[in-house]
Amino acid sequence: MINLHSNLRNIDGVLHFGGRNMSEIAEKYGTPLYVMDEQTIRANCRTYVRAMKKYFGESSYPCYASKACCFKDIYRIIGSEGMSADCVSCGEIYTAKSAGFDMSKIHFHSNSKNDYDINYAIDAGVGYFVVDNLEELFALNDIAGKRNIRQKILLRLTPGIDTHTYEAVRTGNVDSKFGFPIETGAAQKAVKKALACENIELKGYHCHIGSQLFDSDVFIRAADIMIEFTCKMRDKFNYIAEEIDLGGGYGVRYHESDPIIDIENNIRLVADRFHKKCRTMNITPPAVILEPGRSIVADAGITLYTVGNVKRIEGYKNYVAVDGGMGDNPRNLFYGSTYSVLSVENLNKPATFLCDLVGRFCESGDVVTPNISLPEDVKRGDKVAVLTTGAYNFSMSSNYNRYPRPAVIMIDGDTDRISVRQETIEDIISRDN
Ligand code: LLP
């Protein structure tokens with residue numbers, strides 16, 4: 001069997017995930033099904049919490065990017081591991097609050113918050129706003145004033161770093177829709193304005209460069225730029241940032257050929273450079289925040305499907321169609337992302353049948369992942385597992401074609417529970433008049 005994540009095992013030809021038999025779980029709950037492993041999520045959180053305190057210092061911390069996977073159970077798990085969380089919408093804030101998450105540990109993002117969002121987040125008691133633009137800054141200052149509070153913020157800056165990742169997830173470049181570019185002087189102007197806002201407490205700066213990155217070099221370059229900017233603002237306005245958020249972005253392995261990334265060592269490398277740069281620039285090192293999403297949940301999730309049909313188009317190609325697809329995993333369609341796939345009950349059979357794994361949605365682009373191989377005799381009723389689907393699958397799912405979204409099952413050692421129940425077709429029409 002492929003050697004992708006340590007939570008996957010072949011026991012007598014049957015896929016085990018997080019120590020549990022996936023054939024039995026598929027039987028118990030039905031397919032399509034998202035399965036997540038609590039212990040993997042916890043282990044990933046611990047890596048960040050420990051490494052950040054050890055290398056960046058006690059007041060540094062990781063802030064889970066909720067957008068990667070958001071439901072109540074996730075907040076209970078990451079909260080108990082001491083993580084903060086970033087939310088980008090009232091929906092994510094509401095989910096966190098409903099789960100009893102400590103709202104003072106929420107950072108509220110979004111590049112276009114309207115007055116409703118601002119009021120909602122203040123009511124919910126979020127700790128920080130990550131302010132993206134001047135309109136937001138002034139609206140927040142006004143609303144905070146009316147409500148007699150002083151709101152903590154970070155300013156989102158674009159450091160002007162171009163990452164070699166796919167277009168849709170590049171965010172650190174100067175012409176990004178996110179944040180205040182440093183290069184054009186917009187960032188400096190924003191600091192001046194924020195310092196003049198009576199009801200705003202500027203805590204520091206935020207940047208996010210991109211996603212699915214394997215190279216610490218981009219974080220190091222971002223850290224350099226952010227520290228240089230911090231010094232410049234000290235010299236200009238006598239203001240020293242207390243916190244610098246370097247965003248999320250560490251990559252995960254979708255395939256055996258992807259590099260193995262040692263998060264702890266990467267954090268150490270960035271921290272060494274960060275402290276060295278602070279020494280050279282003669283500045284007290286601000287606390288550092290990182291915002292991992294994908295690297296907390298991706299390898300903690302798999303998706304189970306049942307094969308509906310196998311189509312052999314002689315002389316052309318083969319398709320294996322399953323009972324899910326772009327509604328539960330649109331990432332191939334959006335980004336051309338590909339996945340590793342296993343036959344849940346036939347791991348000991350050679351996987352020599354080349355095919356595209358496709359969904360049941362009424363669209364040719366509905367491909368779960370192309371060019372995979374399954375056992376030669378793959379047939380209707382077989383179970384397949386798509387690996388590394390814990391990030392940006394459930395959270396990006398839709399009701400296209402009015403298919404209900406799958407349930408999310410959380411396994412934890414010997415126990416399993418429903419974290420999100422299966423959506424029904426009645427749920428889907430429940431808002432229709
Ligand atoms: N912080 C900010 C401000 C972000 O925009 C993001 C991701 C993160 C943190 C988390 O990044 P991560 O550690 O997960 O790479 N839907 C795409 C990914 C979009 C990422 C958007 N921002 C996908 O499925 O690949």
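All ligand and atom numbering here is 1-based and tracks the order in the structure.
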>> Under 4.0 Å from a heavy atom of Arg294: which atoms of ligand 1 are those, numbered in the order shown and with their elements?
In response: 12 (P), 13 (O), 14 (O), 18 (C), 23 (C), 25 (O)

> Does ligand 1 have a heavy atom under 4.0 Å from the side chain of Tyr335, from its backbone, from both, or from neither?
Replying inline: side chain

>> Does Glu38 form a salt bridge (Lys or Arg N to Asp or Glu O under 4.0 Å) with Arg417? I'd like the steps, not just the answer.
In response: CA-CA 11 Å; Glu38 179 165 341; Arg417 62 179 186 273; 2.8 Å; yes

> Which ligand 1 atoms does Asp86 reach within 4.0 Å, using its non-hydrogen atoms?
Replying inline: 1 (N), 9 (C)

>> Looking only at distances, can you tell me whether any N or O atom of Glu291, backbone or side chain, sits closer than 3.5 Å to an N or O atom of ligand 1?
In response: yes

> Can you check whether Tyr392 has an N/O within less than 3.5 Å of an N/O in ligand 1?
Replying inline: yes

> Please walk me through it: do Glu201 and Lys152 pass salt bridge (Lys or Arg N to Asp or Glu O under 4.0 Å)?
Replying inline: CA-CA 5 Å; Glu201 182 184 355; Lys152 282 191 279 192; over 6 Å; no

>> Tell me the contacting part of Arg156 for ligand 1: side chain, backbone, both, or neither, using a 4.0 Å heavy-atom threshold, strictly below.
In response: side chain

> Counting from 1, what ligand 1 atoms have a heavy atom of His109 closer than 4.0 Å?
Replying inline: 3 (C)

>> How close do Ser397 and Arg405 get, counting heavy atoms only, and between which atoms?
In response: OG-NE, 2.9 Å

>> I'd like to check whether Gly249 has a polar contact with ligand 1, where a contact means an N/O of the residue lying under 3.5 Å from an N/O of the ligand.
In response: yes

> Without hydrogens or angle criteria, can the side chains of Tyr48 and Ser295 be said to hold a donor-acceptor pair below 3.5 Å?
Replying inline: yes

> Is it true that Arg253 and Asp299 have a side-chain N and a carboxylate O under 4.0 angstrom from each other?
Replying inline: no

> Is the centre of the Tyr128 ring less than 6.0 Å from the centre of the Phe108 ring?
Replying inline: no

> Of all the atoms in ligand 1, which lie at a distance below 4.0 Å from a heavy atom belonging to Met396?
Replying inline: 16 (N), 24 (O)

>> salt bridge (Lys or Arg N to Asp or Glu O under 4.0 Å) for Lys276 and Asp272? Distances and angles first, verdict last.
In response: CA-CA 6 Å; Lys276 200 163 154 206; Asp272 283 355; over 6 Å; no

>> Checking side chain to side chain contact (heavy atoms under 4.5 Å, CB included) between His206 and each of Glu243, His107, Glu291, which is the one that passes?
In response: Glu291

> Looking at Pro292, which atoms of ligand 1 are within less than 4.0 Å of one of its heavy atoms?
Replying inline: 13 (O)

> Would a 4.5 Å heavy-atom cut-off, applied to side chains only, mark Lys232 and Phe237 as touching?
Replying inline: no

> Does His206, backbone or side chain, put an N or O under 3.5 Å from an N or O of ligand 1?
Replying inline: no

> Going by distance only, is there an N or O of Tyr250 that falls short of 3.5 Å from an N or O of ligand 1?
Replying inline: no

> Which of these, Ser66, Cys63, Ser211, Gly293, has its nearest heavy atom closest to atom 13 (O) of ligand 1?
Replying inline: Gly293

> Within 45° of the axis and under 6.0 Å from the centre of the six-membered ring of Tyr319, does NZ or CZ of Lys311 qualify?
Replying inline: no

> Counting each atom of ligand 1 from 1 as listed, which ones have a heavy atom of Arg331 under 4.0 Å away?
Replying inline: 23 (C), 24 (O), 25 (O)

>> Under a 4.0 angstrom heavy-atom cut-off, which atoms of ligand 1 come close to Ala65?
In response: 8 (C), 9 (C), 10 (C)

